[in-house]
Amino acid sequence: MYDVGMAPGRGMARLMLKLRRYVRRRPLRFLFFVLLYLSAGGSLVFLRSGETVVGHQWPGAEEGRVAPEGQGFGLISQVFREGWRPPQRYDPPWLKQKSQELSKRGREGDRAVGWSRALKGRSSKDSEEGRATYLGCYADDTHKRALRGASFFDYKKMTVFRCQDNCAERGYLYAGLEFGAECYCGHKVQAANASESECNMDCKGERGSTCGGANRLSVYRLELSQESARRYGSAIFKGCFRKPENINLTLPIGATISNMSIDKCVDFCTEKEFPLAVLANPWCRCGFPTVAFPLHEREDEDLCQQHCPGDDSESCGTEEYFLVYQTQVQDKRCMDRHFLLSRGKQLTALASFPGAGNTWARHLIELATGIYTGSYYFDGSLYNKGFKGERDHWRSGRTICIKTHESGKKEIEAFDSAILMIRNPFKALMAEFNRKYGGHVGFASQTHWKGKDWPEFVKNYAPWWASHTLDWLKFGKRVHVVHFEELKKDLFTQLRNMVLFLGLGVSEDRLLCVEGQKDGNFKRSGLRKLEYDPYTLEMRANIDGLIRVVDRALRDRQLPGIPEEYRPR
């Protein structure tokens, strides 16, 4: 007997079945309709790795979690899950199956834990060693802050180390903690000292450590590493430099500014669209880094100490010694890129163990040469970030070099030459572990670091770090070795040698342009660095042995050995 009450349910089921069949047969047309719907004002849907995150979360939803089936476009998420394919991964030859298991476990762990799990705090005593000096307790005023740079709050898990790391990452000289949960950064402390007894609040995420008090700051002076850049607002401090010979040619735009200050000079050069703001009291000049003014030889900052007319707490340089800041204006002299005009007959590999800086090196090479790099793989996220050679077949001959993490005689002999990137294995392993579980600029969760994943990863990947280098030294036809640490330390010289190895002419102005925007889009923030050593004594002993093997192999090829930075003591 026909049941009228069941008709709507059956009709809806048939409709949904027809829709699913339609999507499978004509996915592109269906996608067009979805985009049309969105452009007409529909709800925003992000499709990522088979999960659906809806712009307006359902009640009780947690960040990064998947909408329950039937809510927030459940059908669409199901359809796209069926069509989704994971990007190609690279693993040691013996680890293909193991890698898939690790990757699956990683995706499940990320859904359950979420990326925002905070790290445990380090004690204030530990954080001071080689990193920061405690200056004391200072008064603070909500209307006129003692530290007037960046700030952030965490009312559950603030630690001394986290605040210091946040400020140091942004290049500030001082870090201050207040109310147990607030972190402030600045270049100078603009307040009076207060009694130490008034800084009496424990850090929210670090019991036993002091994080200021009510309107009171616990202030630290940061010891910035060499590569850290000091900032002034949005500008990056470059240093004090001697006046160039032909100043009108080197710094073509200049003006005297009444009551000049750093802010006014930076704003002036930003408006004129120059990447350098140069304070030469009483002048403000703008320009580019050039061979005549390369910013490679810093002078003592005391030589630039002359008060600004508009702010006697700031220095504005002198007529002979200039203070230089890099503005937010992009230096466009090295931004143009193209494929090779004629197909190259020689294939050059850009080879490295994963986590050794291959993507960063590609970014530098593309800026320095103006030619796209290719890849042995295809990574859609890299393509979307501007690596247009990612989509080309690696044998296309249209790219200047080809990224690869492969090792083994057959794979290596397919290339005519290679730039071989080598990085400290302790750093490379951690970088690859973060990439595997957090993406190119993300981080693995604490569940992965403290569970079984990390020891298993080190056990399998550490030997590959050594065998990768040994294979390229053994089977590579023509190999140019670049150490990641030395590239960071002396980018201009190392990158110049890489360009010459690729058989291209060197534009020094272009290289100077690269120095000003060397990081690119794939630099991890320092805000979630581990606050403990993840390596056990046994792990370190094993990796030290591998380092010695690689060092000996390099020297046998009459090449410079492993840098002192990570040679076993």
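Positions are given from 1, in the same order as the sequence printed here.
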Counting only heavy atoms not in Q305, do more than 12 sit closer than 6.0 Å to its CD atom?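 Counting other residues, nucleotides and ligands, CD of Q305 exceeds 12 neighbours.
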
Within the supplied structure, the quantity of interest is the number of heavy atoms (other residues, nucleotides, ligands) at a distance under 6.0 Å from H307 NE2; does it exceed 12?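 No, NE2 of H307 has 12 or fewer neighbouring heavy atoms, counting only those of other groups under 6.0 Å.
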
Return yes when the gap between the SG atoms of C308 and C316 is under 2.5 Å; return no otherwise.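 Yes, disulfide present: SG-SG under 2.5 Å.
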
Return the [atom1] to [atom2] distance between [X] and [Y], rounded to the nearest 0.5 Å.
| X | Y | atom1 | atom2 | answer |
| --- | --- | --- | --- | --- |
| E515 | L491 | CD | CG | 6.0 Å |
| C401 | E366 | SG | CD | 8.0 Å |
| T404 | I412 | OG1 | CD1 | 8.5 Å |
| L364 | C334 | CG | SG | 10.0 Å |
| R298 | L295 | CZ | CG | 9.0 Å |
| F415 | S417 | CZ | OG | 9.5 Å |

Minimum heavy-atom separation for [X] to [Y], with atom names?
| X | Y | value |
| --- | --- | --- |
| L350 | M421 | CD1-CG, 4.1 Å |
| S407 | D471 | CB-OD2, 3.7 Å |
| L222 | A175 | CD2-CB, 4.1 Å |
| A368 | V514 | N-CG2, 3.7 Å |
| A444 | N434 | N-OD1, 2.9 Å |
| R423 | A431 | NH1-CB, 3.7 Å |

For [Y], does its backbone N or O pair with a side-chain atom of [X] as donor and acceptor, under 3.5 Å?
| X | Y | result |
| --- | --- | --- |
| Q164 | A132 | no |
| W465 | L546 | no |
| N384 | G380 | yes |
| T159 | R162 | yes |
| E301 | G239 | no |
| E565 | E485 | no |
| D300 | L303 | no |
| H405 | S352 | yes |
| S467 | W464 | yes |
| Q326 | G516 | yes |

Would you mind checking if [Y] and [X] are paired as a salt bridge, meaning a charged N to carboxylate O distance below 4.0 Å?
| X | Y | result |
| --- | --- | --- |
| D533 | R540 | yes |
| R391 | D379 | no |
| K243 | E299 | no |

Side chains of [X] and [Y]: closer than 4.5 Å at any heavy-atom pair?
| X | Y | answer |
| --- | --- | --- |
| D392 | F339 | yes |
| T270 | Q328 | no |
| F387 | T373 | yes |
| N246 | N248 | yes |
| F293 | V324 | yes |
| Y220 | T133 | no |
| L173 | K188 | no |
| L347 | I402 | yes |

Could you check E390, E406, K403 and say which one makes a side-chain hydrogen bond (donor to acceptor under 3.5 Å, both in side chains) with Y377?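 One option only clears the test, and that one is E406.
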
Show the numbers, then the answer: is there a salt bridge (charged side-chain N to carboxylate O under 4.0 Å, His left out) between E413 and K409? CA-CA 6 Å; E413 290 183 346; K409 186 174 185 293; 3.2 Å; yes

Take C183 and C167 through the test disulfide bond (SG atoms under 2.5 Å apart) and record every step on the way to the result. CA-CA 9 Å; C183 175; C167 296; 3.9 Å; no

Cation over ring face, R478 and F501, 6.0 Å, 45°: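 Because its charged atom sits under 6.0 Å from the ring centre and within 45° of the axis, R478 does stack over F501.
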
When you look at Y321 and F241, which way does the side-chain contact (heavy atoms from CB on, under 4.5 Å) test go after all the steps? CA-CA 6 Å; Y321 292 94; F241 299 91; over 6 Å; no

For R337 and Y372, run side-chain hydrogen bond (donor to acceptor under 3.5 Å, both in side chains): C-alpha distance rounded to whole Å, both residues' side-chain angles, the deciding distance at 0.1 Å, then the answer. CA-CA 6 Å; R337 285 173 290 173; Y372 287 119; 4.9 Å; no

Please state whether the rings of F433 and H448 are parallel, tilted or perpendicular, taking 30° and 60° as the class boundaries.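 If you compare the ring of F433 with that of H448, the planes turn out perpendicular.
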
Using 30° and 60° as the class limits, which term best fits the ring planes of W449 and W454: parallel, tilted or perpendicular?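 Tilted: the ring planes of W449 and W454 meet at 30° to 60°.
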
is_close_aromatic(Y566, F426), centroid dist under 6.0 Å: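 No, too far apart.
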
For L511 and L495, run side-chain contact (heavy atoms from CB on, under 4.5 Å): C-alpha distance rounded to whole Å, both residues' side-chain angles, the deciding distance at 0.1 Å, then the answer. CA-CA 8 Å; L511 290 181; L495 187 55; 3.8 Å; yes

Please name the residue in the list L276, N281, L251 that meets the side-chain contact (heavy atoms from CB on, under 4.5 Å) test with F322.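 Result: among L276, N281, L251, L251 is the only option passing the side-chain contact (heavy atoms from CB on, under 4.5 Å) with F322.
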
Which is it for Y184 and Y174 under the side-chain contact (heavy atoms from CB on, under 4.5 Å) test, yes or no, and what are the steps along the way? CA-CA 8 Å; Y184 296 91; Y174 298 95; over 6 Å; no

Steps toward side-chain contact (heavy atoms from CB on, under 4.5 Å) verdict (E508, R496): CA-CA 8 Å; E508 295 197 350; R496 184 178 188 275; 3.8 Å; yes

Where do S313 and D311 land on the side-chain hydrogen bond (donor to acceptor under 3.5 Å, both in side chains) test, with the steps shown first? CA-CA 5 Å; S313 66; D311 189 339; 2.5 Å; yes

Using salt bridge (charged side-chain N to carboxylate O under 4.0 Å, His left out), reason through D551 and R555 one step at a time and then give a plain yes or no. CA-CA 6 Å; D551 183 63; R555 295 180 186 280; 3.2 Å; yes

